[in-house]
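Atoms within a ligand are numbered from 1 in the order they appear, just like the ligands themselves. Computation of the quantities below employed the complete heavy-atom set of this structure, encompassing side-chain atoms and omitting hydrogens, waters and symmetry-equivalent molecules.
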Amino acid sequence: MKSIKEREWFFSQEKIPFKCTNPDPHYDVYKLKTTGQIISDVVIDSGLGLKEPFVIGLCADLHFNLCNNADREDEELSYTEKCRYWPEKLKWFAPTVKALEACDFCDATIILGDVLDYMTSGAADIVKAEILKKYPDVMMVLGGHDYTKQMQTKIKDKLPLEERLEFLKSFWPNDIHYDARPLGEKIVAILIDNSQSKYLPCQVEKLEADIKRAREEGKILLIFQHEPIITNNPEQTCVKAVIANSGAIDSVAMGTNQTIVGGTERTDEATGKVYNLITKNADVVKGIFAGHWHSQFFAETEASFERDGEIIKTTIPQYVISGNPYYPSGIVNRVTVK
Ligand SMILES: [Fe+2]
């Protein structure tokens, strides 16, 4: 943990205006003049009037891409190495080092999935050495890339998912499917796996209990996951997502696309239950953070909570953040919870 003086120095560096490829007034984006990182500032109102703000450093979609000689012995991985063309032109290592250096000046660091580009021991070794050994308190959620050995091969993974997950469990710093971690005294981080565009049965009771406990103890929950959820806001039909430096532009219908997590087309029982727990307890759930789209955009989620038998309608802010490799000095979303 850096000292207060070091932290003050780091974030008081001269700020150079920086135009993100997808500017959004919900993110205050600038470049630090001396150390070079792009910082994207987000403020969350906990509603608790915290005496000391809590600061979270967030990164997403690191896509560590390294096949070593042992990996090449594996037929699936050696074929993926030949087929996989992204992020060929992007350097993923230096941006990660820079981003994590900046995160170290925050109170906590959370990585929002796709830490690996595809599941190699070469990439896992770099995660262990460069992230988990240097920053043992880092938390990570699972993304779809983390557990696939087939990438752009047009072949399905041969090993069952559970076997692939066992490999990740051997070094992942927290429970891969669900974890609740305190952030200071009044905030709880919910690290939840929705990397298959759905939630899981094992998450329902845990989240229900954590919401109940937070309400009783006067705490708030922040949700950290790989994929964003549908907002169900009919006004917000589309959010334009621009994939930085690649020229790709996509419109993400966060309000209405029923294939997004929580939308009706792909909602099974567990997904529906978790989605409802998140969106119907907005007195406790105060923010959602996701990656997956490799682009920064804000998508306010329709939500509600119950008070004295009455349903109060409100919204939960949902922040989707950029992929890290697009920025040579890394991009960190600095979330200040007040
Ligand atoms: Fe990704």
Before you tell me yes or no, could you show the steps for D107 and K2 under salt bridge (Lys or Arg N to Asp or Glu O under 4.0 Å), namely the whole-Å CA-CA distance, both residues' side-chain angles and the distance that decides it to 0.1 Å? CA-CA 9 Å; D107 296 311; K2 295 279 194 274; over 6 Å; no
Around the Fe ion (ligand 1), what protein N, O or S atoms are found below 2.8 Å?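 Near the Fe ion (ligand 1), below 2.8 Å, one finds D61 OD1, H63 NE2, D114 OD2, H294 NE2.
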Strictly under 6.0 Å, is that where the ring centroids of F289 and F224 end up?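 Ring-ring flag for F289/F224: true, centres closer than 6.0 Å.
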[X] with [Y]: basic N within carboxylate O range, under 4.0 Å:
{"X": "E130", "Y": "K134", "answer": "yes"}
{"X": "K212", "Y": "E208", "answer": "no"}
{"X": "E166", "Y": "K169", "answer": "yes"}

Taking the six-membered ring of Y118 as reference, does the NZ or CZ atom of R84 fall below 6.0 Å from its centre and within a 45° cone about the axis?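 Checked: cation-pi criterion not met.
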